[in-house]
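Here's the structure we're looking at; comments come further down.
From a predicted model like this one, the values you see are computed outputs, not experimental measurements. Below, chains carry the letters A, B, ... as their sequence lines are ordered, and counting in each starts from 1.
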Number of protein chains: 2
Amino acid sequence: MTAPRKPTAQKHGTAKKPARSRIQTRNRQIILEAALEVFSNNGFRGATLDQIAVQAGLSKPNLLYYFDSKEAIHRDLLTRLLDTWLDPLRMLDPRGDPQTEILAYMRRKLDMSRAYPRESRLFANEILQGAPRIETFIRTELRLLVDEKACLFQAWADAGRIARVDPYHLIFSIWAMTQHYADFAAQIDMIRDDGQEPHAGAEAFLEHLYTRLLTP
Amino acid sequence: MTAPRKPTAQKHGTAKKPARSRIQTRNRQIILEAALEVFSNNGFRGATLDQIAVQAGLSKPNLLYYFDSKEAIHRDLLTRLLDTWLDPLRMLDPRGDPQTEILAYMRRKLDMSRAYPRESRLFANEILQGAPRIETFIRTELRLLVDEKACLFQAWADAGRIARVDPYHLIFSIWAMTQHYADFAAQIDMIRDDGQEPHAGAEAFLEHLYTRLLTP
DNA sequence: ATCAACTTTGACCATCCAGTCAAGAAGCAT
DNA sequence: ATGCTTCTTGACTGGATGGTCAAAGTTGAT
């Protein structure tokens with residue numbers, strides 16, 4: 001009569017690594033992949049466990065063997081995403097050439113939105129709903145990093161190494177421009193329905209744009 | 001024993017104006033306003049008729065007296081939105097000064113996203129889900145208009161009146177930049193949580209950006 | 001081979017939610 | 001006031017959906 005213990009259930013308190021079996025790592029991975037597909041296309045409320053189960057090729061109770069709830073799957077997905085979300089900005093080197101660094105940042109963001117459009121849409125969905133689940137992440141980690149880099153941009157501008165622009169809006173503009181190609185891909189595809197991928201031509205355009213903007 | 005006739009129910013075929021009473025116009029308006037609030041914050045699947053009913057101060061069956069279904073409310077909202085969505089681009093005057101015209105277009109879009117953030121989020125939600133309900137609108141009306149204006153921009157560029165930039169990406173960039181301030185307002189607010197509205201400073205920044213970009 | 005722990009699932013439950021209905025309340029033209 | 005139409009709503013229904021459970025199947029260390 002041992003109480004059934006779900007592999008993910010951490011006995012309260014200490015949050016140690018669950019020490020997962022091969023099957024567990026594999027199936028959790030499969031579920032997250034399926035859930036990403038479903039959540040990014042339908043939003044949290046629009047997604048159903050049944051859809052995710054079908055997509056994953058597992059039964060619904062099986063999903064709930066690996067994750068405590070629909071919420072838990074979503075949370076896990078978001079957490080993993082946020083982990084890498086900041087990398088492109090983090091990599092920006094204060095000692096590098098200002099214009100080169102900012103252009104490279106833009107390119108990394110664009111590459112990311114091309115390589116991970118589903119992650120971008122998952123994030124967009126979350127923000128659109130008012131960012132309820134990632135509010136603290138935004139208010140702390142993201143904000144800190146943005147403040148830091150905005151400060152750097154300001155210094156570069158003050159030193160005359162890039163044009164005088166509001167550093168926050170500069171960052172927002174890079175987010176807007178790059179994520180747009182993932183988040184609004186449906187619209188872009190329908191407008192130029194040559195079979196080209198939505199990002200085609202974006203890099204050249206954005207390079208030109210930011211070069212023009214930043215050259216002192 | 002007259003069959004009950006909902007005010008919105010059009011007897012099949014000819015789609016005449018329903019000829020609405022004062023109460024009908026008023027309540028339909030109230031419902032649409034409430035639905036906009038709820039749909040834009042929660043997406044279609046995330047919104048419930050009960051929420052809309054509470055927001056509108058009406059009972060749920062009363063909602064369904066004025067609209068055939070949840071879908072119908074949403075459809076009506078989208079239709080009204082799309083009607084005005086194209087106006088800023090339509091107003092762009094081929095005979096005006098190129099740079100002034102494009103800057104003015106950007107400003108109109110920005111004003112729109114500031115004045116109607118809920119509409120912007122409703123639209124964004126729809127596109128994020130793959131634009132299922134507005135596919136024909138995008139493929140026909142929007143596309144036609146974009147093609148037309150892109151052509152114009154190309155001509156302007158060819159004539160050396162603005163810098164050489166891909167006209168489609170130019171339009172996409174204006175959409176991305178302006179709508180970002182409405183759609184991602186939650187994020188922007190959390191990053192600079194001085195009480196400023198998300199659009200603060202955006203106009204100056206974008207004017208600078210597009211002036212730099214377009215000056216030949 | 002054996003057995004305990006791990007994994008899988010069919011059947012089921014409770015809740016939520018869009019939509020119905022019939023009966024009553026409010027408007028309004030006369 | 002009268003009587004017809006338009007509005008309004010409490011109570012209900014059926015289907016979808018997140019989540020549970022007990023029993024059956026599988027795995028792997030010994």
Between C:dT7 atom P and A:R28 atom CZ, what is the distance in whole Å? 11 Å
At under 4.0 Å, does any side-chain N or O of A:N62 touch on OP1 or OP2 of C:dT9? yes
To the nearest Å, how far apart are A:R22 CZ and D:dT27 P? 11 Å
To the nearest angstrom, how far is A:Y66 atom OH from C:dT9 atom P? 10 Å
Which one, C:dA18, C:dT8, D:dT9, comes nearest to the side chain of B:K60? C:dA18
Judged by each residue's nearest nucleotide on DNA chain D, which is more toward the 5′ side, B:N27 or B:R45? B:N27
Using atom CG of B:L63 as one end and atom P of D:dG10 as the other, report the distance to the nearest whole Å. 14 Å
Is the distance from OP1 or OP2 of C:dT7 to the nearest side-chain N or O of A:Y65 less than 4.0 Å? yes
Of the listed nucleotides C:dC17, C:dT7, D:dT17, the one nearest the side chain of B:T48: C:dC17
Just the rounded figure in Å: distance from P of C:dA18 to CG of B:N42. 12 Å
Quick note, A:Q24 side chain, CB onward, closest among C:dG10, C:dT7, C:dG19 is C:dT7
Closest to the B:D50 side chain: C:dA18, C:dT8, D:dG18? C:dA18
Ion pair B:D76/B:R28, N-O distance below 4.0 Å: yes
When the ring planes of A:F172 and B:Y181 are compared, do they come out parallel, tilted or perpendicular, using 30° and 60° as the limits? perpendicular
Closest to side chain of A:L64, choosing from D:dT20, C:dA18, D:dT8: D:dT20
Please give, in whole Å, the distance from D:dA16 P to A:Q51 CD? 13 Å
Any donor-acceptor N/O pair under 3.5 Å between D:dG19 base and A:K70 side chain: no
Whole-Å gap separating C1' (C:dA18) and CZ (B:F44): 10 Å
From C:dT9, D:dG18, C:dG19, pick the nucleotide closest to the side chain of A:P61? C:dT9
Can you work out whether B:I23 or B:A47 has the more 5'-proximal nearest nucleotide on DNA chain C? B:A47
For A:R107, is there an ion pair with A:E207 - N to carboxylate O distance below 4.0 angstrom? yes
For a quick check under 3.5 Å, do A:Y116 and A:T84 share a side-chain donor-acceptor pair by atom type? no
Is the ring centre of A:F123 less than 6.0 Å from the ring centre of A:W85? yes
Given atom CZ of A:F67 and atom P of D:dG18, what is their separation to the nearest angstrom? 16 Å
